[in-house]
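Here the structure comes first, spelled out in structure tokens, and everything after it is commentary.
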Amino acid sequence: MEISKQYDPKQAEEHHYARWEQRGYFAPEINQDPAAPVFSIAIPPPNVTGSLHMGHALQHTMMDVLTRYKRMCGYRTLWLPGMDHAGISTQLMVSRELKKEGLTRHDLGREKFVERVWKWKHDSGGQITKQMRREGASVDWSREKFTMADDLSRAVRHVFVSLYEEGLIYRGNRIVNWCPNDQTVLSDLEVLKDPQPGKLYYLRYPAKNGNGSVTVATTRPETMLGDTAVAVNPNDDRYRDLVGTTLLLPLTERQITVVADEFVDPHFGTGAVKITPAHDPNDYELGLRHNLEQVVVIDAHAKMTPAAGASFAGLDRYKAREKVVAEFEALGLLEKVVDYEFSISKCERCKTVLEPLISLQWFLRMEKLRDLALELLAREKKPQFVPEVPYEKVYATWLENLRDWTISRQLWWGHQIPAWFTKDGEVIVARSLAEAEMKAGTVDLTQDQDVLDTWFSSALWPFSTLGWPEQTKDLQTFYPTSVLITARDIIFLWVSRMVMMGLKFVGERPFDDVFVTGTILDKHGQRMSKTKGNGVDPLEVFDKFGVDATRLTLAQVGTTDTRWNEKQVESYRNFANKIWNAARFCLMNSEGAAINARLLEVAPKVALHDRWILSRLNRTSGTVRDALGSYQFHEAVQALYHFFWDDFCDWYIELTKAEVTAEEATPGRTEARSRLLTVLEQALRLLHPFMPYITEELWLQLPRGDAYVLHAAYRGAGPTIMLTAYPEARLELMDDRAEKEMEAVIDLISRVRNIRSEMNIKPGERVELIIGAPTETLRAVFENNQNQISRLARASRIVISEQLDAPRASARAVLVGGAEVAIPLEGLIDFAQERQRLAKEKEKLAEEAAKLEAQLANPQFAERAPVEKVNEIRVRIGDITQRVKQLQQTIANLE
RNA sequence: GCCCGCUUGGCUCAGUGGUAGAGCACUCGCUUCACACGCGAGGGGUCAGUAGUUCGAAUCUACUAGCGGGCACCA
């Protein structure tokens with residue numbers, strides 16, 4: 001069999017995914033065990049306009065690791081994929097396309113435009129679904145969903161109507177965040193607060209009685225044209241007498257009164273506030289309290305209205321600002337202008353400065369829904385956030401302060417609001433036109449032109465994708481989902497709303513756990529962003545280092561922000577290559593051998609290194625299982641990396657090499673080869689959730705002898721590592737004694753290698769080892785493993801006795817357990833140098849002993865520390881002082 | 001203004017009451033019949049600072065500094 005020396009990820013990535021997908025391995029139906037436990041994840045649906053970025057790759061890796069792991073553990077596993085219609089983004093994307101043709105969406109009209117969006121989606125949307133296949137994501141494509149498809153739209157209408165009928169959805173005129181560029185309202189969460197330098201203008205409003213004036217401070221002088229009051233704090237002595245008096249609003253004919261309201265901070269500005277109820281959220285509230293008139297002076301395009309006065313009407317808001325200031329100055333009413341930094345509200349998407357406007361919109365009352373979520377958290381501590389700090393508190397605090405949600409949008413791409421108006425202006429909310437006509441008793445209806453906020457449909461995702469409102473088998477089986485893996489910036493936008501909607505409409509939480517990933521920053525610690533152009537394209541990383549290496553890198557990011565580090569991917573690329581070559585070695589020496597489950601059991605007469613590797617294997621599986629059970633991806637990766645590289649490659653393969661590569665085809669050789677293959681196969685299984693491609697590629701080449709290959713739940717499926725059983729962590733195979741004995745062998749070999757290196761002994765040169773071991777057990781261990789020791793330490797001869805009896809001209813080392821080793825080096829030893837080398841080592845040990853002695857000498861330590869801790873220290877001191885003594889003796893002998 | 005996170009070897013990060021870890025980088029030696037994307041052997045950290053709790057603190061508490069994040073306000 002020809003296997004190349006270097007792993008070529010592309011080759012492995014080409015074939016397996018399509019086969020897995022076509023054979024239905026990702027679908028839960030592959031599991032034939034009716035009693036199988038269930039594991040399910042609903043993917044955070046990427047935007048249909050989106051393409052894969054690092055954030056996706058990160059989340060998808062973690063979701064896939066868990067999904068593949070659970071599947072191998074025999075769970076009925078569903079990872080459900082899909083996409084979000086992404087209202088504004090998609091509409092903008094298609095509008096931009098139209099622009100190239102010299103058209104606007106209005107030229108097409110609503111119906112044609114929406115058709116065009118669907119066409120765009122069909123032709124070029126959903127790039128990300130192809131890219132997810134490259135990632136190896138084991139999602140069930142047969143259940144793929146789209147938020148604008150008929151089934152999910154139906155769920156959306158159902159929810160809307162229910163909430164309306166319950167009085168939680170209402171339509172009303174309120175002040176909202178308006179984007180003059182996108183021509184739509186936005187929810188509070190879609191507003192970007194951008195601090196920037198600006199100016200504070202002090203404007204003087206004369207009193208009607210000609211007696212003085214009141215000065216107000218404002219950052220937006222143009223809104224004064226819509227002022228309908230000036231407010232002061234009721235406790236502000238400076239203005240007490242003015243409350244109730246009338247002012248003349250300059251540049252207008254209007255007379256406005258001074259009102260008193262607690263809202264006003266007497267210490268800010270002049271302590272007197274101009275009130276523009278139509279164009280400021282706070283003023284709006286205050287206006288309602290005082291029954292103030294709302295004068296709309298700015299329109300939806302951020303231009304001044306006729307109500308602003310003839311000379312202002314039609315002016316852009318910033319031009320109007322200049323003009324207002326100029327006119328105040330001319331009238332001598334501009335007191336001063338000072339520099340002032342403040343946050344300005346911008347459209348999250350297009351960065352246009354928003355305009356607070358009074359507008360007729362649909363809103364969702366949140367109190368009842370919010371309480372459902374808060375009760376769940378208080379009662380059951382669900383969802384369980386990982387990490388709990390700070391997200392649980394952030395989530396709870398946000399819910400507690402929740403305000404009504406503006407759910408309508410002035411867009412064409414989205415779920416059109418299922419409300420119709422009769423000629424008389426009556427509002428009919430219904431699940432369909434037919435139902436509306438029936439309710440209205442007329443066919444003369446016009447549907448509301450607005451669509452719903454994209455996040456409204458996203459909020460239903462965990463259950464709408466499972467067939468709700470029908471009580472489908474999928475819904476019963478897979479809801480609630482097991483875990484949600486997401487980035488922290490959508491905890492409010494999405495996570496909280498899913499919890500509320502899930503509780504409200506299914507009566508159960510949508511997921512048990514919420515794992516919040518860290519963010520991958522660029523190498524300077526900056527957030528990756530399109531505008532900065534500092535993003536790293538996962539697909540390029542896949543091309544350069546392979547998908548598996550990238551996944552391993554991402555899997556260990558965990559919950560803290562991490563700078564992108566290509567060197568790390570490179571090191572995992574090297575790891576993949578290591579796996580490749582280890583398998584290559586096993587396969588090159590596999591003639592006559594096959595995987596055999598029997599070899600995973602302990603049997604009498606099994607060699608130390610075989611018992612040891614089984615112990616390490618089971619222990620590693622335990623570590624990985626525990627780690628994944630608590631979302632400690634990093635720990636799982638580390639355990640796997642070190643098990644494979646250090647234990648399996650550096651030691652096990654080397655220890656077993658002589659047997660495995662023996663010339664003669666003996667039963668012993670076959671057994672050793674089979675053992676090696678069997679352990680390798682288990683190791684590949686352990687790695688598979690993290691590195692699906694290389695493990696499958698190699699696994700398919702292994703000589704799989706018997707029929708045990710697949711997990712019982714997947715009996716009859718074609719050969720694939722992804723449906724094998726994840727290795728058990730069997731306590732009875734975790735062999736402390738074997739690990740301890742192996743440690744002695746490893747220590748011996750390492751110390752000899754150390755001496756060889758420090759003495760500059762040529763790598764090819766063989767040396768004699770004289771070993772003194774105080775205990776019967778140790779002597780037996782060294783004797784039984786002489787072949788391995790001499791091979792790995794390059795020894796010509798090994799002499800083992802109770803007392804070390806070596807020539808004076810030897811290099812020596814004291815080992816764990818009190819054994820000693822000496823290498824006779826007649827003519828090579830500089831006695832002074834050797835004494836120095838040993839003295840240095842003795843010094844180190846003595847220091848450690850002194851530290852421990854001091855601790856033990858503290859009477860309070862013995863008194864208060866747990867007994868086992870005290871004993872542990874005693875044992876360590878015993879061991880160290882023993883070694884110090886031996887070293888001292890050795891040094892003395894060299895004098 | 002309120003809340004939160006981070007600060008560990010040159011770099012990127014684990015660890016979170018009881019002997020400071022990894023990868024990369026660095027030094028020395030190696031074409032050892034799986035792998036130079038490799039093998040073997042090394043050097044390198046008073047775990048940001050201060051004070052406390054504790055028999056014992058990188059780990060818990062408080063404060064300080066630097067960096068980062070969220071929320072609110074911003075007339």
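Below, read A as the first sequence line, B as the second, and so on, with proteins coming before strands; counting in each chain starts at 1. All of these numbers come straight from a predicted model, not from anything done at the bench.
Backbone-only contact: A/Phe263 has heavy atoms under 4.0 Å from sugar-phosphate atoms and none from a base. Among the atoms of the strands shown, none is found under 4.0 Å from any heavy atom of A/Thr276. Counting any heavy atom pair closer than 4.0 Å across all strands shown, A/Asn282 reaches sugar-phosphate atoms only and no base atom. Within the 4.0 angstrom heavy-atom criterion, no nucleotide atom of any strand lies near A/Arg220. Residue contacts shown for A/Glu863 are absent, as no nucleic acid heavy atom lies under 4.0 Å away. Counting non-hydrogen atoms under 4.0 angstrom, A/Pro859 reaches nothing in the nucleic acid.
In RNA chain B, runs of at least 3 stacked Watson-Crick or G-U pairs (N1-N3 plus N6-O4 or O6-N4, or N1-O2 plus O6-N3, all under 3.5 Å) give these stems: B:1-7 with B:65-71, B:10-13 with B:21-24, B:26-30 with B:38-42, B:48-52 with B:60-64.
Contacts of A/Asp747 classified as side chain to side chain donor-acceptor pair (under 3.5 Å), with partners at least two apart in sequence or in another chain: none. In this view, A/Asp543 and A/Arg134 satisfy the side chain to side chain donor-acceptor pair (under 3.5 Å) rule, not counting sequence neighbours. When the ring-ring contact (aromatic ring centres under 6.0 Å, His included) test is applied to A/Phe263, no partner is found at least two apart in sequence or on another chain. A/Tyr7 is linked by a ring-ring contact (aromatic ring centres under 6.0 Å, His included) to A/Trp580, counting only residues two or more places apart in sequence or in another chain.
Distance, A/Ile491 CD1 to B/G70 P: 12 Å, rounded to whole Å. Atom-to-atom, NE2 of A/His642 to P of B/G21 comes out at 12 Å; the value is rounded to the nearest Å. With rounding to whole Å, A/Asp188 atom CG is found 16 Å from B/G70 atom P. Separating the CD atom of A/Glu765 from the C1' atom of B/C30 is a distance of 14 Å, rounded to the nearest angstrom. Atom pair A/Lys567:NZ and B/G23:C1' shows a separation of 11 Å (rounding to whole Å applied). The CG atom of A/Leu845 sits 12 Å away from the C1' atom of B/U19 (whole-angstrom rounding).
Rounded to the nearest Å, the gap between the C1' atom of B/A22 and that of B/C30 is 24 Å. Atom P of B/C2 sits at a distance of 12 Å from the matching atom of B/C63, rounded to the whole Å. Taking atom P in both B/C13 and B/G43, the straight-line distance is 27 Å, to the nearest Å. A distance of about 14 Å separates the C1' atoms of B/G15 and B/A57, rounded to the whole Å. Going from the C1' atom of B/U19 to that of B/C33 covers 41 Å, rounded to whole Å.
Mapping A/Ile880 and A/Lys193 onto RNA chain B via the closest heavy atom, the residue that lands nearer the 5' end is A/Ile880.
Within residues 545-556 of chain A, no residue has any heavy atom closer than 4.0 Å to RNA chain B.
Out of B/G69, B/C74, B/A22, the shortest distance to the side chain of A/Arg488 is found at B/G69.
Among pairs with a residue in residues 264-282 of chain A, those fulfilling salt bridge (charged side-chain N to carboxylate O under 4.0 Å, His left out) read A/Asp227-A/Lys274, at least two apart in sequence or across chains. Within the structure, salt bridge (charged side-chain N to carboxylate O under 4.0 Å, His left out) pairs that include any residue of residues 579-591 of chain A do not occur (at least two apart or interchain).
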Enumerate, atom names and distances included, each donor-acceptor pair closer than 3.5 Å involving a side-chain atom of residues 545-556 of chain A, sequence neighbours excluded.
unit_1: A/Asp548; atom_1: OD1; unit_2: A/Tyr693; atom_2: N; d: 3.2
unit_1: A/Asp548; atom_1: OD2; unit_2: A/Tyr693; atom_2: N; d: 3.4
unit_1: A/Asp548; atom_1: OD2; unit_2: A/Ile694; atom_2: N; d: 2.7
unit_1: A/Thr550; atom_1: OG1; unit_2: A/Gly546; atom_2: O; d: 2.7
unit_1: A/Arg551; atom_1: NE; unit_2: A/Phe690; atom_2: O; d: 3.0
unit_1: A/Arg551; atom_1: NH1; unit_2: A/Asp64; atom_2: OD2; d: 2.8
unit_1: A/Arg551; atom_1: NH1; unit_2: A/Glu135; atom_2: O; d: 2.9
unit_1: A/Arg551; atom_1: NH2; unit_2: A/Asp64; atom_2: OD2; d: 2.9
unit_1: A/Arg551; atom_1: NH2; unit_2: A/Pro689; atom_2: O; d: 2.7
unit_1: A/Thr553; atom_1: OG1; unit_2: A/Ala549; atom_2: O; d: 2.8
unit_1: A/Gln556; atom_1: OE1; unit_2: A/Tyr572; atom_2: OH; d: 3.1
unit_1: A/Gln556; atom_1: OE1; unit_2: A/Gln638; atom_2: NE2; d: 3.3
unit_1: A/Gln556; atom_1: NE2; unit_2: A/Gln568; atom_2: OE1; d: 3.3

Protein within reach of the bases, or only the backbone? For nucleotides 34-43 of chain B, mark each nucleotide 5' to 3' as B, S or -, using heavy atoms under 4.0 Å. BB-BSSBSS-

Sequence-aligned protein contact record of nucleotides 56-65 of chain B, with B where the base is within under 4.0 Å of a protein heavy atom and S where only the sugar-phosphate is: ----------

Give me, pair by pair, the N or O atoms of the protein and of nucleotides 4-12 of chain B that are less than 3.5 Å apart, along with how far apart they are.
unit_1: B/U12; atom_1: O2'; unit_2: A/Asn565; atom_2: ND2; d: 3.4

